[in-house]
Number of protein chains: 2
Amino acid sequence: MAKAPTIRDVAARAGVSVATASNVANGNRPVGEASRKRVLAAIAELGYQVDRAASALRGASTRLVGMIVPDITNVFFASLIHGVEALAERDGYDLLLASTSEDEAIERRRLHALVGRRIDGLIAVPASDGSMASLAASGARLPPTVLVDRGAESPVFDTVRADCETGGYEAARHLIALGHRDLAMLAHSGHLQNMAERIAGCRRALGEAGLAGRERVVYGGHDLESLRGAIETELQRAGPPTAILALTNVCALAALKAARGLGLDIPGDVSIVGFDDFDWMLALRPYLTTVAQPVDDFAASAWALLMRRMAGDVASPVERILLPCALKVRESTGTARPRLEAFAEAQARA
Amino acid sequence: MAKAPTIRDVAARAGVSVATASNVANGNRPVGEASRKRVLAAIAELGYQVDRAASALRGASTRLVGMIVPDITNVFFASLIHGVEALAERDGYDLLLASTSEDEAIERRRLHALVGRRIDGLIAVPASDGSMASLAASGARLPPTVLVDRGAESPVFDTVRADCETGGYEAARHLIALGHRDLAMLAHSGHLQNMAERIAGCRRALGEAGLAGRERVVYGGHDLESLRGAIETELQRAGPPTAILALTNVCALAALKAARGLGLDIPGDVSIVGFDDFDWMLALRPYLTTVAQPVDDFAASAWALLMRRMAGDVASPVERILLPCALKVRESTGTARPRLEAFAEAQARA
DNA sequence: ATGAAAGCGCTAACAC
DNA sequence: GTGTTAGCGCTTTCAT
């Protein structure tokens with residue numbers, strides 16, 4: 001690692017002052033054509049690169065954006081990061097990544113670290129709906145921030161999320177139309193608003209069909225194994241559900257695994273509707289009926305919102321972007337059978 | 001965002017000099033018990049945080065580590081990032097993330113950006129085996145760097161990777177023991193050494209069984225769809241393979257999808273061995289026989305190596321860590337059937 | 001349109 | 001053990 005050239009080297013080589021060199025490099029002030037060319041040449045020859053640490057110190061932006069998600073390993077969040085990273089690079093920003101493992105204490109720590117880096121902006125999928133707001137209230141010096149997927153009710157942050165209520169509603173309608181009367185919803189936690197909305201949508205559909213109160217909600221945490229255990233228990237009850245509405249892609253995986261473990265046929269014995277739509281689902285047999293969320297649009301909207309704020313727009317009121325979900329009917333849902341019959345058969349097979 | 005307290009504020013409040021305050025904050029020099037306590041108190045009261053931009057400028061480390069991967073969306077890389085991020089946070093480093101989409105030009109650009117941030121170290125899964133070496137040769141000022149999964153032959157970088165040759169060997173042995181004589185290997189590219197090693201391992205097994213030259217190698221690029229198309233074509237030939245050795249998790253997905261699309265029974269008509277072992281595979285039916293790579297160990301080893309170099313050890317010779325794979329025999333592999341029979345049956349079903 | 005110079009917050013060298 | 005001070009590389013007034 002030889003010593004990197006500084007702006008002074010550039011200036012010297014171009015025969016101008018550092019101020020001029022700086023102005024060329026950043027385009028902050030107009031520079032005469034002749035000197036501009038010479039500076040540009042010097043920059044190219046030296047392989048000069050602005051030292052962001054120094055410019056940040058001087059008060060300019062760091063061109064650093066923080067991104068914080070619960071779990072990179074979850075395709076949904078990974079895709080989000082992927083989308084944001086591409087946009088960030090396009091606009092000359094770098095991405096500082098942190099993950100929280102769904103833990104608010106870790107989130108606070110990580111966020112503190114990011115803020116200490118003087119990030120220009122932050123895109124976050126918070127560990128809980130209120131965590132960012134309370135962090136901000138407790139005096140954290142947050143940069144412009146947009147919340148994705150969670151914390152949508154926040155009065156202080158721009159937010160982007162899917163229309164979960166309608167997503168849940170349509171999934172339930174689909175199931176009801178197939179004759180299902182006993183639905184189980186599999187969710188991570190009752191404390192997350194997006195989960196609550198999906199459940200609310202489902203209840204609305206049930207209510208409209210005169211089926212209010214027939215549904216069960218199963219909370220299984222964030223871990224795949226515990227989710228599987230939770231829905232398995234539900235499936236083993238007397239009078240089990242004929243259909244499962246899995247409220248995230250991890251829940252869908254858990255539901256599939258549980259049904260399979262119990263020797264249940266899908267959709268013969270249980271229908272399953274999942275959430276999200278990613279490559280790995282393509283190889284699932286049966287091919288999962290699912291409520292797809294427009295992840296790439298999440299990334300694009302979040303980035304656009306963030307850029308606007310980072311550009312200095314503090315005046316506009318908080319914006320809440322709601323993106324539509326799309327029900328993709330595939331192979332994992334079918335007509336409901338009398339549940340006793342299905343149950344007896346499964347027992348016999350086992 | 002109120003103005004952040006500086007070390008001068010801390011020093012003033014604690015009634016000591018900035019040097020003392022700095023030494024407490026960084027533990028660089030011993031400080032008397034009494035002043036230390038007062039400084040610590042001041043730091044806590046003010047919510048002071050070291051400004052890394054400033055300390056970096058002064059020559060100290062940025063405590064920033066770069067990580068560059070081909071595709072965050074691939075669970076393998078996502079898991080790697082996950083592991084590294086946890087370790088980095090434990091040791092007080094932050095992670096600057098970049099992805100390359102398997103493109104060397106993008107890689108160069110992203111790397112340039114990271115280096116401009118004065119990262120203390122870099123963990124990279126390069127777009128090609130030689131890209132980092134040539135970057136370094138062409139004068140890029142790379143910090144301590146460890147290469148993971150690719151570029152293992154590099155004479156300049158520490159590397160961590162799986163024992164791909166043995167992995168391929170064992171997978172092929174398994175298949176041969178089941179009576180398979182016509183194997184197809186599905187790989188991304190012939191230019192990647194890890195792919196080549198998996199293929200070499202397979203060939204060794206074939207050779208030992210007196211079956212040299214019976215295998216076919218199919219290259220399908222990095223895209224799922226093109227991989228699927230490539231292996232589908234192979235499956236439709238006269239005299240198709242009775243077993244597929246898919247050399248990455250994406251290849252496995254593609255093979256599964258292709259076989260399924262052709263109406264082939266797995267493992268009745270074709271056996272499939274995949275690579276990697278992640279959650280989403282749990283729901284695959286049949287449950288995939290696979291060569292698992294110890295991703296968490298990749299992360300741990302890479303981090304350990306990097307920390308050693310970042311701590312200033314430039315003397316030790318380049319280290320090459322080779323981690324063992326584990327063959328997990330599950331449901332997607334079975335005894336081979338006479339291929340004509342299988343082919344005819346599939347035709348009939350179609 | 002250009003230059004000189006101040007100083008961002010910090011650490012390390014040097015005094016004491 | 002503690003304090004003083006000189007810059008790190010940059011942007012940005014303020015002059016010219």
Side-chain angles (χ1 to χ4, degrees), chain A residues 1-40 42-43 46-64 92 115-120 141 312, chain B residues 1-40 42-43 46-64 92 115-120 141 312:
Chain A
M1 291 230 292
K3 202 166 158 307
T6 77
I7 195 148
R8 234 173 287 272
D9 298 328
V10 172
R13 187 174 187 111
V16 298
S17 75
V18 289
T20 303
S22 170
N23 287 328
V24 171
N26 300 286
N28 284 349
R29 268 195 331 196
V31 170
E33 188 54 30
S35 358
R36 230 200 61 231
K37 277 217 170 105
R38 292 215 309 287
V39 171
L40 254 16
I43 287 177
L46 262 30
Y48 169 75
Q49 210 178 164
V50 174
D51 183 333
R52 297 276 169 217
S55 38
L57 186 55
R58 199 58 191 74
S61 96
T62 53
R63 301 229 127 208
L64 211 49
V115 170
R117 297 276 181 196
R118 306 228 192 153
I119 48 176
D120 287 346
R141 286 172 284 270
Chain B
M1 290 230 292
K3 202 168 158 307
T6 78
I7 194 143
R8 236 173 285 271
D9 298 327
V10 172
R13 185 172 189 115
V16 299
S17 75
V18 288
T20 302
S22 169
N23 287 328
V24 171
N26 299 286
N28 285 349
R29 270 197 329 198
V31 170
E33 189 55 28
S35 356
R36 230 198 64 230
K37 276 215 171 104
R38 292 215 311 287
V39 172
L40 254 15
I43 287 177
L46 260 32
Y48 168 76
Q49 211 179 161
V50 174
D51 183 333
R52 296 279 169 212
S55 41
L57 187 54
R58 197 58 191 80
S61 97
T62 52
R63 300 228 129 212
L64 211 50
V115 169
R117 297 278 180 195
R118 305 222 193 162
I119 48 177
D120 287 346
R141 285 172 283 270

Under 3.5 Å donor-acceptor pairs involving side-chain atoms of residues 5-12 of chain B, not counting sequence neighbours:
from: B/Thr6; atom 1: OG1; to: B/Arg8; atom 2: N; distance (Å): 3.0
from: B/Thr6; atom 1: OG1; to: B/Asp9; atom 2: N; distance (Å): 3.4
from: B/Asp9; atom 1: OD2; to: B/Thr6; atom 2: N; distance (Å): 2.8

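When the local axes at the two ends of the helix from C/dA1-D/dT16 to C/dC16-D/dG1 are compared, using 5 base pairs at each end, they differ in direction by 30° after rounding to 10°.
Remark: side-chain polar atoms of A/Arg13 are not paired, donor with acceptor, to backbone N or O of A/Ala42 under 3.5 angstrom.
If A/Val50 and B/Ala54 are placed on DNA chain D by their nearest nucleotide, the residue sitting closer to the 5' end is B/Ala54.
Scanning residues 23-33 of chain A for heavy-atom distances under 4.0 Å to DNA chain C yields A/Arg29, A/Pro30, A/Val31, A/Gly32. Scanning residues 10-21 of chain B for heavy-atom distances under 4.0 Å to DNA chain C yields B/Ala19.
In this entry the distance linking CZ of B/Arg8 with P of C/dC8 reads 7 Å, nearest Å. In this structure, the CD1 atom of B/Ile7 is 11 Å from the P atom of C/dA12, given to the nearest Å.
In 5' to 3' order, the nucleotides of DNA chain D bounding all contacts with chain A (an atom under 4.0 Å from a heavy atom) are D/dG9 to D/dC14.
Using a 4.0 Å heavy-atom distance criterion, A/Arg36 is classed as making no nucleic acid contact.
Between the base of C/dG7 and the side chain of A/Arg58 there is a donor-acceptor pair shorter than 3.5 Å.
Remark: B/Arg118 pairs with A/Asp51, B/Leu57, B/Thr62 by the side-chain contact (heavy atoms from CB on, under 4.5 Å) rule, at least two apart or across chains.
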